[in-house]
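See below for the structure under consideration.
Naming: A, B, ... by sequence-line order, numbering from 1 per chain.
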Amino acid sequence: MADIREDLKSILLEIAEDVEPNNVNYDSNFITDLSLDSMILLEFGSELESKYDIQIPEEEYPNMATINQTAELIKKLQVK
Amino acid sequence: MEKRKVVITGIGAISPLGLSMEETWANLIDGKNGVKELERFASEEYRAHKAGEVYGFDINNFINDKNLKNIGLCSQFGVAAAKMALDNANLKLTDTDRIGVVIGTTMGDVQELEKVDEDYFYKGIDAINPKSMLNYPANEIAKNIASVFGFYGPNNTFTTACAAGNYAYGYAYDCIQDGTADIMVAGGADVLSRVAFAGFNRLFAVAPDVCQPFCLDRKGMMVSEGAAFLIMESEESAKKRGTKILAEFLGYALSCDAFDITIPHEEGKGAIAVMSSAIKNAGIKTTDINYINTHGTGTKENDRVESLAIKEVFKEHSIKLSISSTKSMLGHLMGASSAIEGAICVKVLQENIIPPTINFTTPDPDCDLDIVPNIAKKKQVDFVMSNAFAFGGNNACIIMKKWEE
Amino acid sequence: MKNKIVITKTGAISPIGVGVENFISNIQKINNPQDIKTFDTEKYDIKKAFVANDFDPKPILGDKGLRNFNRNTLFILSAIKKDMDNEINYFKTEDKRLGLTIGTCFGSLQSISDYELDIFDKGPRKINPMGFGNTVLNSPTSRANIWFGLTSQSTTVSTGSISSAKAIEFSIGQINKNVVDAMICGGAEELNMQTFLGYYLNKFLTKNEEITCYEKNSTGTIISEGCGLALLETYENAVKRGAKILASILGYGTSFYGSIDNTKNFSTKGVVNSIKNALKNGNIDTKDIDLVISSANGLTPFDSMEENSLMEVFGDRLTEIPVIPLKSLIGETIGASGLFSIVAASNIKDIKELPFVYKYSNGQKKLIKVNNFKINYSNFTKILVNCISECGNHSAIILQIEK
C-alpha cells in the first residue's frame, strides 16, 4: 500500500488552518503538540471516511493521535 | 418607580412523559424514563436508536377544530400546551388586545421542511406541496397560537437553540413589566427532527441507552420533543381576575460564551456570567436559591462545566443547594427544554418536591453536588433557578420565587 | 420611550452594494435583478433575483476559518467587520457590554435541507459532522459572537418578514433594562434554493425585472438577500463617547392580527394598530411624520393592506407624505427588510434623489408612483419605518433624523 501520510498531512492542514505546516511531522500529537480540539478531529475523521471509504468508530478516535497512527488505523479499517 | 410584579398563573405541557403537565409531573417525581426506542422514523442506520417521543397525541382531543390538522405538528404541540396553560389560568378570552404570545424553538415546524426535502430528493420539485413551504418558518408556531385564541398583543419567536424557552420567558417578563402586555403566553415547542437526531449522533453526543447527567458513566444526551407554556401575568391582572397565583417570576439574564458553536466554554465563563447576572437582576442573594433545574444534558463537557460554574457562582452555598437534571427522564426537548424546565420549577415551588436525576450509578468527582440521584426528594424550596446553555454558547437563566401574599 | 435610544452607525451587505456608502449610493438608481448563481435555476422559468453575486467575504474577513460557514453567516460577519469594526474595538477596549441581536426569517434553512439531503444521499453515519452546527437557526448570530468575541449576549429572532423589526424591539428593551451598553442589531437573509422554491412554488415571484408596488396588476415580488445593521445605544452613552448620532428612535409599536391561514391575513387592523402604537409610544402626532419607508413588495393583497392602513392612519395628511417602498429598489430581503429600511432612513441626508417615490392621490384614493420626484431629502426629520408581514405580525418604528 502506498504511503498516504503526506496526503493525511495536507488534509489535516486544510482543516486545521491555524497550524503552521512546518510544525507538523508524522509523530506530532494532534492534541498535545498541535492543540487541535475534538471538533477538528471529528471533521478530520469525516474527511478521511469519505476519501478512503471507511467508517471510523467512535472508540477509534483516541487511536488517531498522530499522522503515523492515523495511517495505521486507515490501513486496519480498509482491510476489514 | 415600583416595577410591576410578574406572576405565573397557568402551566401546560406536552412531553414524552405525558400529554399534560400533571401527568408529566407525576411521572417525573416517580423517576420514570420517557426515552424509548425510536418509532418516528427508521433508525437502523444510526449509531444510537433511542429518543423521547410524544405518544398518542391528537390535537383534536384538545381543540375540536379540523383546520388544526393543517398546521405543523410542532405548532399542534404548541397550541395544545398553550390551551392547557390557559385553562389552568382560568383565562376567559375577552380583552385579548393585551395578551401576547412568545415562544422559543430551535427549528420550528421542521417536519414540514422534512416533507419538502423528501419529496425533492425522491420525487422531484413537482411533487412538493407548496403549502408545506408556508408552514415551516419558525414564527408559524406563535402565529398559530395567537390566531387560534385571538391574542393581539406582542407576538415573538426566539430561535436561540436550546436556550430559546428561557429567552421567551425573559421577553414575556419584560413585556409585562414595561406594560406592553398584561398577560403573555410564553414557552417553547420543538418536534423530533431527523436533522437533530442525525446531527447529535454524528457528533457522538447521543447516549446509546440511557441519559445519565452528572454521573461518571454518562455517555451523552437524548433527543426529545414536546412543548410547554406558562401564563405570565402582572400581579395586578391576576388579582383582578381572582385567579390563583402559582409562582412569581423574579428575573432573568442572558450571556454568550463566544467560544465555540457546539462546545461550552471550558472554564464556564458564559455559564458563570449568566447565573451571576440572573441573581443580580432578580434582586436576591446566591444563598436564597434552594434548587437549580440544570441544563444537565448528560454530555461529558456540559455537565462538567455546569458543575464547575455552579460551584464558582455559589461557593460554599453550592453544597446546600439541590440540583437536578430532568433531562435524565424527559430527554432534551431542544427549544422546548428550558420551557418545560421552567414549568417544572413552578411545580417544585408549589409542591416542595424536587424531581430526581435518574440513571445515576457512579459519582463523578467533577460533579460533586447534590444532584438528587434516582429518587425525588422533599425539600422546602422558596427560590429556583433554571439554566439553559445552548448551541452557539447562547446562555439564558431564569429565577422564580414561591408566591406569598 | 424610557431612554432616548440612538443609532450611531449602520452597516450593509446587499446585492446593490457592499458597505453602507455603496448601499446608499446605489439605492439612488434603478438596479436590475441578476442571474442567480448560488444554485442551479435550469428547472425554473425565473432565473433572476437580487443576488449579491459580487460579494466575496475573503477580502473583508481574510482567508482562514470560513470554510464551514453558510452564506447567511458570511453576510453577518462581513457586514459587522466592514462597518462596525471601530465600534467593536471601542466597546471592547472600554470594557463595555456590547450585545448582538439578529433577525432572520429563514436563517439556516438551506443548511438544514442540505443536511437532510446528505442523510438521504450518504446515510446518517457519513454526513459531515461540521454541517450540523449550521442547521440551528442561531448559528449565524452565534458565529458572529465568536468571531468578534461578543460575550454580553447573542440573540436570534425569527418572526417572518418583520424579524429585524422585532430585533430592534428586543434591542431597545435590553438597552432600557441596562443589561447592555449597546447592541449591534441586524437583519440577515440569504438567497438559497429552499427559500427561492418556497416563493416560486407559491407563485409569489414575478417574471418581470422590476417590482411594481401598490398596483392591482402587479405580478409578484423579486427575492433578495443581504445583511443590514444598526448600532443602538443610549443618547447619553453616544454623547459621552463622542459618537456621531445618525438618528434616534422616537417610537416603536407592534401588533398581531392574524389567522392560521396566511391567505386571510390581509386585514388592516393589525397594521393600523402597530403604527398607532408606535405614534402613542413616542407621543407623536400623525402630522409630525414627514416620510414613510414602507414594506410593499409587489404582492397585491399585501401591498393593498399596507396602502389601506396608511390611508386609515393618516387620512388626507397622507398626500403630504412621500412613501418609499424600499423593496422596489433592493428586492424582498424578508427577515432583513426592516433593517435595510432603518439603514436607508438613518442615512437619508446622504440621499440626493431616488428614482421614484409614491405619493398619495386623494382623488384616486391610492398611492401613485412619481418618477424623479424633486425634494430635499435632508429636510426629512421624522420617518415612519413600516414593517408588515404575511402572517399578521406587524411592527412600526419612528425615527428622528438628527440635524
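In this structure, Phe91(C) and Val180(C) have side chains that are not in contact, with every pair of non-hydrogen atoms separated by 4.5 Å or more. The side-chain heavy atoms of Thr41(C) and Ile46(C), taken from C-beta on, include no pair separated by under 4.5 Å. Residues Thr157(B) and Val157(C) have side chains not in contact (no heavy-atom distance under 4.5 Å, counting atoms from C-beta outward). Using a 4.5 Å cut-off on side-chain heavy atoms (C-beta onward), Thr159(B) and Met107(B) make no contact. Between Ile223(C) and Thr195(C) there is a side-chain heavy-atom pair separated by less than 4.5 Å.
Both the backbone and the side chain of Tyr257(C) come within less than 4.5 Å of a heavy atom of chain B. Of the atoms belonging to Glu390(C), not a single heavy atom falls under 4.5 Å from chain B. For Phe391(B), the parts sitting under 4.5 Å from any heavy atom of chain C are the backbone and the side chain alike. Heavy atoms of Val116(B) lying under 4.5 Å from chain C belong exclusively to its side chain. Contact annotation for Glu114(B): both backbone and side-chain heavy atoms come within less than 4.5 Å of a heavy atom of chain C. The contact between Tyr120(B) and chain C is made entirely by side chain atoms (from C-beta outward), counting heavy-atom distances below 4.5 Å. Heavy atoms closer than 4.5 Å to chain B are found nowhere in Tyr200(C), neither backbone nor side chain. Neither the backbone nor the side chain of Lys280(B) comes within less than 4.5 Å of any heavy atom in chain C. Interface remark: Phe170(C) contributes side-chain atoms only to the contact with chain B (heavy atom separation under 4.5 Å). At a 4.5 Å heavy-atom cutoff, the contact between Ile261(B) and chain C is made by backbone and side-chain atoms alike. If you measure heavy-atom distances from Ser152(C) to chain B, the contacts under 4.5 Å come from the backbone alone. Heavy atoms closer than 4.5 Å to chain B are found in the backbone of Leu150(C), but not in its side chain. Neither the backbone nor the side chain of Phe149(B) comes within less than 4.5 Å of any heavy atom in chain C. For chain C, the nearby part of Phe259(B) is the backbone; its heavy atoms alone come within less than 4.5 Å. For Val110(B), the part sitting under 4.5 Å from any heavy atom of chain C is the side chain, from C-beta outward, and nothing else. Proximity to chain B (any heavy atom under 4.5 Å) is shown, for Leu197(C), by both the backbone and the side chain. No part of Asn277(C) comes within reach of chain B, as not one of its non-hydrogen atoms sits under 4.5 angstrom from that chain. With a threshold of 4.5 angstrom between heavy atoms, Asn67(B) approaches chain C through its backbone and through its side chain. In this structure, chain C has heavy atoms under 4.5 Å from both the backbone and the side chain of Asp117(B).
Under a 3.5 Å cut-off, the side chain of Asn202(C) and the backbone N or O of Phe204(C) do not form any donor-acceptor pair. Panel note: side chain Ser75(B), backbone Ile71(B); no donor-acceptor pair is recorded below 3.5 Å.
In this pair, Phe132(C) and Phe200(B) present their aromatic rings perpendicular. The plane angle is above 60°, beyond the 30 to 60° band. Ring geometry for Phe120(C) versus Phe121(B): interplanar angle of 30 to 60°, hence tilted. Note on ring orientation: taking the six-membered ring where Trp is involved, the planes of Phe106(C) and Tyr136(B) are perpendicular (angle over 60°, cut-offs 30° and 60°).
Checked by atom type, the side-chain pair Asn192(C)/Gln194(C) shows no donor-acceptor distance below 3.5 Å. Side-chain polar atoms of Thr262(B) and Asp260(B) form a donor-acceptor pair below 3.5 angstrom.
Contact tally against chain B (heavy-atom pairs below 4.5 Å) for Ser113(C), Ser274(C), Cys105(C), Gly258(C): the top residue is Ser113(C). Listed options Asn135(B), Thr105(B), Thr106(B), Asn156(B) were ranked by heavy-atom pairs under 4.5 angstrom with chain C; first place goes to Asn156(B).
Within 6.0 Å of NZ on Lys203(C) lie no more than 12 heavy atoms contributed by other residues, nucleotides or ligands.
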